[in-house]
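For reference, the structure is listed below as structure tokens.
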Amino acid sequence: MTDTTDARGSSTAWQPSTLELERRAFRKRQTGRSVLVSALSTIVLAGLLAWALIGSPGWAQVQQTFFDPTVALASLPRILEGLWLNIQVLVGASVGVVIVALLLATLRTLRGPVFFPLRALAAGYTDLFRGMPLIIVLYLIGYGVPGLDFFPRVPVAVLGTIALILTYSAYVSEVFRAGIEAVHPSQRLAARSLGLSHGQTMRRIVLPQAFRKVTPALMNDFVAMQKDVGLISVLGAVDAVRAAQIETAHYFNFTPYVVAGLLFVLLAWPMIRLTDWLSARMRAREQVGSIV
Amino acid sequence: MNAPSASVTEPVLRLRGVRRAFGDHVVLDGIDLDVAAHEVVALVGASGSGKSTLLRTINLIEQVDDGEILLRGEEVSDPRVDADGVRARIGVVFQHYNLFPHLSVLDNVTLASRLVHRVPRAEAERRGLELLASIGLADFARAFPDRLSGGQQQRAAIVRAIATGPELLLLDEVTSALDPELVGEVLALVRSLADGGTTIVMATHEMAFAREVADRVVFLDAGRIIEDAPARQFFEAPREERTREFLARFLAG
Ligand SMILES: Nc1ncnc2c1ncn2[C@@H]1O[C@H](COP(=O)(O)OP(=O)(O)OP(=O)(O)O)[C@@H](O)[C@H]1O
Ligand SMILES: [Mg+2]
């Protein structure tokens with residue numbers, strides 16, 4: 001009966017003071033004003049750009065050759081079909097990259113003179129493939145491997161996937177290595193002291209912590225690779241880019257390229273947002289941690 | 001004392017002429033030490049005297065340059081011995097707790113049981129929860145270590161070290177990183193382990209605690225054992241001049 005009203009409405013419950021209410025009202029007015037200013041300036045800028053574009057002498061021509069709705073619709077099924085190949089290559093390459101990169105990173109963090117040859121090999125590999133343009137790796141693998149005649153008739157998409165793995169595993173292994181080295185040595189010490197083997201320590205203690213530290217960086221590399229899968233078209237694989245090229249030739253119109261480009265953006269977009277969100281969250285958490 | 005049956009008197013730990021140097025810097029200079037079952041030995045000495053290095057050497061994290069380490073009569077400093085197996089028989093607690101931040105408190109405690117001793121998860125967790133309950137941390141079993149205070153973390157780390165029933169427990173200044181008001185709870189736990197018969201070697205700066213809990217106190221200076229005496233005698237009637245100086249400096253603050 002009176003118990004509940006007492007608990008809520010008792011005089012001990014805090015009410016903001018007049019001073020605080022006044023501050024809040026002021027902040028609200030300030031925020032409202034800032035939002036208005038930034039919204040207006042954005043609209044003005046966008047309007048100016050649109051006006052310059054549409055008002056340009058060649059606009060009608062450009063609109064027709066790059067943004068033709070009928071061509072877009074007609075070429076969409078083929079391009080989507082091609083995009084499906086890109087997605088398959090992307091999945092295959094991602095799995096391959098993680099495996100090879102983990103292996104390379106582990107090799108590079110081995111200590112002791114016994115492991116020097118392995119360390120040197122891994123270092124040479126990462127130097128080579130971080131320095132070499134992806135398109136050249138694609139040509140070398142795409143045309144070189146079939147020339148070896150070892151495995152006849154490997155699909156070009158598979159060769160493209162291998163080239164992507166070679167290049168991206170070099171980058172990603174460096175990310176992993178940085179993550180592994182950022183795990184404090186005392187964590188290793190504690191694990192070994194419990195009797196865990198080197199391998200168990202790596203799998204259960206070091207790598208999980210390293211992964212957490214480098215997740216945003218890894219996701220950025222993933223977004224970059226999402227775009228670069230389009231390069232397998234140079235080997236003749238009929239992916240979204242190649243399909244767009246064929247459609248472009250067919251219609252004498254560049255709209256299919258725009259369609260393919262937008263599809264790639266759509267594909268990457270969720271990952272880009274997720275990466276941003278995750279980095280912001282990790283930053284916030286670290287700041288909380290440093291205050292405590 | 002000189003009983004003929006070796007198995008009864010055989011120390012848990014025996015060090016014979018243990019030496020360790022980093023370059024020209026000799027950090028352990030011929031250490032001889034016996035630790036009997038259920039004995040609590042306190043290692044004291046100035047900063048840099050080699051206490052931590054000695055503990056790491058016993059745990060085979062640090063290699064000896066000479067001498068031997070025997071665990072229940074077995075020479076474990078032999079390179080042919082499986083070091084992981086030896087470490088699994090020795091519990092270690094560090095100054096900075098070193099809990100695994102990505103694992104729950106319970107997983108920290110049960111990790112070695114599950115991975116090294118191959119205890120089924122259910123059984124390891126039952127035992128882990130029991131241990132956590134015994135130190136009043138049952139409610140934190142599923143929490144991550146960063147939710148715990150320093151004292152709670154260190155007590156969880158101690159429980160992690162004893163969860164597999166080690167033959168020997170090594171403690172390296174387990175209260176040095178703690179706020180003064182949290183030291184008591186950790187020392188109480190160590191005291192109860194000592195009373196329960198755990199064999200302990202502990203490096204410490206807590207002289208009052210060493211005097212109260214340790215059976216023997218070993219004074220280390222520049223990598224040598226200067227004095228090794230029963231706790232009471234060590235503090236009340238030290239034989240060595242250097243021990244007296246050390247204790248005087250300590251009492252002076
Ligand atoms: N890995 C290493 N490389 C080189 N020198 C080392 C190494 N580890 C320890 N030392 C040296 O050995 C000496 C003894 O160190 P140790 O940590 O064992 O001392 P301690 O008695 O534990 O000191 P504290 O009371 O400060 O913990 C120090 O001079 C230290 O610099
Ligand atoms: Mg030390």
Side-chain angles (χ1 to χ4, degrees), chain A residues 98 102 105-106 109-115 175-219 278-279 281-292, chain B residues 52 55-63 82-103 107-118 144-150 153 156-172 177:
Chain A
V98 168
L102 267 180
T106 313
T109 48
L110 289 177
R111 297 196 204 298
V114 194
F115 296 113
V175 174
F176 279 145
R177 186 164 75 107
I180 289 170
E181 280 169 4
V183 176
H184 199 273
S186 64
Q187 288 287 309
R188 239 178 257 254
L189 178 65
R192 297 309 297 274
S193 295
L194 286 171
L196 269 67
S197 66
H198 178 82
Q200 287 173 324
T201 302
M202 207 64 186
R203 276 198 310 280
R204 300 299 193 116
I205 304 302
V206 178
L207 289 180
Q209 292 185 54
F211 257 121
R212 262 153 244 237
K213 285 176 202 285
V214 301
T215 304
L218 280 181
M219 287 165 75
L278 208 69
S279 321
R281 210 183 64 148
M282 284 178 78
R283 212 166 32 242
R285 185 177 278 183
E286 259 161 39
Q287 273 157 8
V288 168
S290 68
I291 290 167
V292 168
Chain B
S52 298
L55 293 178
R56 280 203 302 275
T57 314
I58 295 170
N59 198 31
L60 307 185
I61 293 289
E62 208 81 74
Q63 216 175 309
D82 164 35
D84 290 336
V86 173
R87 291 190 199 108
R89 294 164 59 191
I90 301 176
V92 187
V93 185
F94 308 89
Q95 186 174 346
H96 296 280
Y97 344 129
N98 299 7
L99 290 174
F100 306 124
H102 62 300
L103 299 180
D107 283 344
N108 264 278
V109 171
T110 60
L111 187 72
S113 304
R114 289 185 283 118
L115 288 188
V116 182
H117 299 263
R118 301 282 165 205
F144 287 93
D146 61 359
R147 288 261 324 276
L148 275 60
S149 75
Q153 287 193 45
I158 293 174
V159 160
R160 174 175 74 177
I162 60 166
T164 54
E167 296 160 45
L168 173 66
L169 183 61
L170 306 177
L171 309 177
D172 193 356

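Keep in mind that the numbers below use all heavy atoms, side chains included, and drop hydrogens, waters and symmetry copies. Residue numbers begin at 1 in each chain, while the letters A, B, ... track the order of the sequences. What you are looking at is a predicted structure, and each value in this text was computed from that prediction instead of being measured.
With chain A as partner, the option from B/A112, B/G91, B/A83 having the largest number of non-hydrogen pairs under 4.5 angstrom is B/A112.
The one candidate from A/L196, A/T201, A/L194 that meets the side-chain contact (heavy atoms from CB on, under 4.5 Å) condition with B/L115 is A/L196.
A/R192 CZ to B/L60 CG: the interatomic distance, rounded to the nearest 0.5 Å, is 10.5 Å. Atoms OG and CG, on A/S197 and B/D84 in that order, are 6.0 Å from each other to the nearest 0.5 Å.
Pairing each heavy atom of A/Q200 with each of B/V116, the nearest pair is OE1-CG2, 4.4 Å. Here the closest non-hydrogen pair linking A/Q187 and B/L99 is NE2-O, 2.9 Å.
Within the 4.5 angstrom heavy-atom criterion, atoms from both the backbone and the side chain of B/F100 approach chain A. When heavy atoms are compared at a cutoff of 4.5 Å, A/R212 approaches chain B solely by way of its side chain, counted from C-beta outward.
The environment of CD in B/E167 is crowded: more than 12 heavy-atom neighbours from other residues, nucleotides or ligands sit within 6.0 Å.
Donor-acceptor pairing under 3.5 Å is recorded for the side chains of B/N59 and A/S193.
Chain A is approached within less than 4.5 Å, heavy atom to heavy atom, by B/R160 from residues 156-166 of chain B, ordered by number.
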